[in-house]
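Along the sequence shown, the residues carry numbers beginning at 1. Model, not experiment: these values are computed from the prediction.
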Amino acid sequence: MVFLVFDGIDGSGKSTHAKEVAKWLKNEGYRVKLVEFNRYLFVDKLAIKIRGQRITKETISGEYLPKLDVLRVLRPWLSLIDNMLFLLLSYIDVLKGHVVIYDRYIWSTFIKYEALGYPVKLIKKVVMFMRPNYGILLDIPVSTSIKRINERKYHLPYPTHVLLKERIEYLKIARRLGYPIIDTSINSKDKVQCLIRKIVRRILTSRIKQRF
């Protein structure tokens with residue numbers, strides 16, 4: 001079983017490199033499933049019905065969800081159910097022989113919520129027990145994150161303190177779990193992808209050896 005997560009703060013290159021690795025592995029003959037944890041199965045649809053607007057994990061600040069909004073109160077718990085369903089579906093793909101690549105992970109949702117001030121400490125403690133067997137942290141300074149976010153047309157500009165809290169949390173996780181940390185701010189996209197492929201090759205080679 002290979003579950004590989006790409007994580008990091010906004011603008012670090014998670015989606016870009018997760019997609020590149022998925023494409024590369026498919027060309028190498030592997031069956032691959034890319035799971036994007038910046039999407040929801042039903043929470044965004046519920047938001048449309050309640051507020052008449054689509055709300056994704058890129059638009060979850062107080063600006064979009066006032067404190068007295070019923071969706072703000074229920075959102076962390078609904079997100080937990082949604083994310084758990086997403087996670088279970090990915091396990092089905094592994095049973096079918098796929099290498100599963102996660103663009104973010106279940107804990108990413110609640111790291112973001114906590115940084116934004118949502119009361120999710122209990123939920124976060126629970127989801128931190130669920131982890132992929134492999135991960136790569138794509139790290140960048142907060143200043144670089146803000147710069148990259150501002151260059152995007154459709155992305156909520158999070159405050160510096162929110163991104164800083166998230167970065168500290170991701171670095172703690174990576175160091176605790178022994179995940180490689182790649183600074184994408186000082187390396188070109190091609191060099192980062194090259195480093196990632198070396199790590200992934202090592203992982204897959206190790207898994208093949210374990211079978212025998």
Given side chains that start at C-beta, do those of [X] and [Y] come closer than 4.5 Å, heavy atoms only?
| X | Y | result |
| --- | --- | --- |
| K96 | K33 | no |
| I182 | D139 | no |
| K189 | Q193 | no |
| I101 | L25 | yes |
| L34 | V100 | no |
| T184 | R148 | yes |
| S143 | I146 | no |
| F6 | S15 | no |

Which heavy atom of Y113 sits nearest a heavy atom of S79, and at what distance?
->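 Reported closest heavy-atom pair: OH-OG, 2.7 Å.
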Is it true that a side-chain atom of S108 and a backbone atom of Y105 form a donor plus acceptor pair closer than 3.5 Å?
->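 Answer holds: yes.
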Quick check: does any side chain N or O of H98 sit under 3.5 Å from a backbone N or O of R31, one acting as donor and the other as acceptor?
-> no
Could you walk me through whether L138 and I196 pass side-chain contact (heavy atoms from CB on, under 4.5 Å), step by step?
-> CA-CA 10 Å; L138 302 181; I196 290 171; 4.1 Å; yes
Can you see whether [X] engages [Y] through a side-chain donor-acceptor pair at a distance of less than 3.5 angstrom?
| X | Y | result |
| --- | --- | --- |
| S185 | D183 | yes |
| T109 | N83 | yes |
| S12 | Y170 | no |

Are the aromatic rings of F3 and Y91 close, with centres under 6.0 Å apart?
->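 F3 vs Y91: aromatic centres under 6.0 Å.
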For the rings on F37 and Y102, is their centre-to-centre separation under 6.0 Å?
->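 Ring centres of Y102 and F37 closer than 6.0 Å.
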Going from [atom1] on [X] to [atom2] on [Y], what distance comes out if it is rounded to the nearest 0.5 angstrom?
| X | Y | atom1 | atom2 | result |
| --- | --- | --- | --- | --- |
| L137 | I9 | CG | CD1 | 9.0 Å |
| L80 | L85 | CG | CG | 9.5 Å |
| D82 | L78 | CG | CG | 8.5 Å |
| K165 | L163 | NZ | CG | 11.5 Å |
| E36 | D103 | CD | CG | 5.5 Å |
| N150 | K147 | CG | NZ | 10.5 Å |

Y179 and side chain to side chain contact (heavy atoms under 4.5 Å, CB included): which partner among L171, I199, L4, V5?
-> V5
Under 4.5 Å between side-chain heavy atoms, hopping through other hydrophobics if needed: is there a path connecting I186 to I140?
-> no
Salt-bridge test for D10 and R167: reply yes if a basic N is under 4.0 Å from a carboxylate O, no otherwise.
-> no
So, D7 and K14, do they make that salt bridge, N to O below 4.0 Å?
->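 A salt bridge is absent here (no side-chain N lies under 4.0 Å from a carboxylate O).
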side-chain contact (heavy atoms from CB on, under 4.5 Å) between I181 and R175, worked out | CA-CA 8 Å; I181 300 172; R175 288 165 182 158; 4.2 Å; yes
Taking distance alone, no hydrogens or angles, what donor-acceptor pairs closer than 3.5 Å link side-chain atoms of residues 121-132 to residues at least two apart or in another chain?
from, atom 1, to, atom 2, distance (Å)
K124, NZ, E114, OE1, 2.9
K124, NZ, E169, OE2, 3.2
R131, NH2, M128, O, 3.2

